[in-house]
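Every number for a ligand or one of its atoms is a count from 1 in the order of the listing. Only a predicted model underlies this, so the values are computations on that prediction, with no experimental measurement involved.
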Amino acid sequence: MHKKLFIPGPVDVREDVLQKMATPMIGHRTKDASKLQRNISDKMRKLFYTENEILLSTSSGSGLMEGAIRSCTRKRAAVFSVGAFGNRWFDMAKGNNVPADKFESEWGHPTTPEMVDQALATGKYDLVTVTHNETSTGLMNPVEEIAEVMKKYPEVIWCVDAVSSAAGAKIEVDKLGIDICITSTQKALGLPPGMAICTFSTKAREAAKQVENRGFYFDLLNLYDYIQKKDYQYPSTPSLAHMFALDYQLDLIFEEGLENRFARHKEMADYTRGWARRHFELFPVEQYASNTLTNIKNTREINVSDLNKQLGERGYSISNGYGKLKEKTFRIAHMAETTLDEVKELLVIIEEILGL
Ligand SMILES: *Cc1c(COP(=O)(O)O)cnc(C)c1O
């Protein structure tokens, strides 16, 4: 039996979108391949409210995170972490010999503009990473406020991890001044895992030119140069299956309307938070609770694995707490094509199982 997924990726994919993955192959050095990638780029620009170039990567989102910090850090990176995925970015820096310092907030608390200002005022850093939506804690960072601080430091490259929020929450890349905004297919975009996408500013490109060892597969400058020279073709063989599905899914997203889509996510989040407050507590500071997933403090000390097993028998799946939060919290994702009615249906079943 297929379990309905309320986990923060992979998400359930519409049947017609899944079918697009089965499109007969085309050569990746053909005009059709160029057209496909160009169409995707145009649509992704719209989704990210940007004029910047779009880079695709046949990898999950982590690939582009690693590529960004390695390709564009000239001096030293300031990694702002609010959980497991922020910490991962710091580990990527270390693993690539990229000088970096980590500024970690207490889990459930945001990266504040003051923290960013204080770090950048030292003049030590020329690249900053911020997690837009931290999936381990269920927190959405105040990127609009952080953007105000970033404007004071125009020489610093700003990278944002929007893996679990892009297409579920509004991120106005150009207005915010984000240089590299990263996402992947299997979360709010509503596709199978296997492809990552980022925006790439002129400033980021100029920075990358000054970095000698950018790696190869995730060298963002190489990805950029290649699509300029080769009319939107990918340097190696991309997952064309994902590209067919992504191109199609983006049309469906615009059919729904971006504002409607963001509002639907917000509505599901509000409902789930209300439920969480009635029966448990929210894990993150409420003001920063995520619109794509809700992380709930296990104040009743229920057995989360057991709850999930019983949900599984009824055809549903939620997520336990991440890493050190296992059994201490549980997470309900409400992203991609999930509807408010489906969320309500899940919460009623959880109430039945727990006897709430
Ligand atoms: C899932 C996730 C990642 C990792 O993305 P992959 O596509 O699995 O590599 C990074 N950051 C956040 C916030 C995520 O939710």
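- Taking the six-membered ring for Trp and the full ring otherwise, the centers of Tyr322 and Phe85 sit less than 6.0 Å from each other.
- With sequence neighbours left out, Arg38 forms a salt bridge (charged side-chain N to carboxylate O under 4.0 Å, His left out) with Asp231.
- Taking 4.0 Å as the cut-off between side-chain N and carboxylate O, Arg277 and Glu286 count as a salt-bridged pair.
- Residues passing the side chain to side chain contact (heavy atoms under 4.5 Å, CB included) test with Arg261 are Ala167, Gln249, Ile253, Glu256, Arg264, His265, Ala336, Glu337, sequence neighbours excluded.
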Table please: side-chain donor-acceptor pairs of residues 123-131 below 3.5 Å, with sequence neighbours left out.
residue: Tyr125; atom: OH; partner: Asp101; partner atom: OD2; Å: 2.7
residue: Asp126; atom: OD1; partner: Lys75; partner atom: N; Å: 3.3
residue: Asp126; atom: OD1; partner: Arg76; partner atom: N; Å: 3.4
residue: Asp126; atom: OD2; partner: Arg74; partner atom: N; Å: 3.4
residue: Asp126; atom: OD2; partner: Lys75; partner atom: N; Å: 2.6

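- A distance limit of 4.0 angstrom between heavy atoms and ligand 1 selects the residues Ser60, Gly61, Ser62, Met65, Phe85, Arg88, Asn133, Thr135, Asp161, Val163, Ser164, Ser184, Gln186, Lys187.
- There is a side-chain donor-acceptor pair under 3.5 Å between Glu351 and Trp275.
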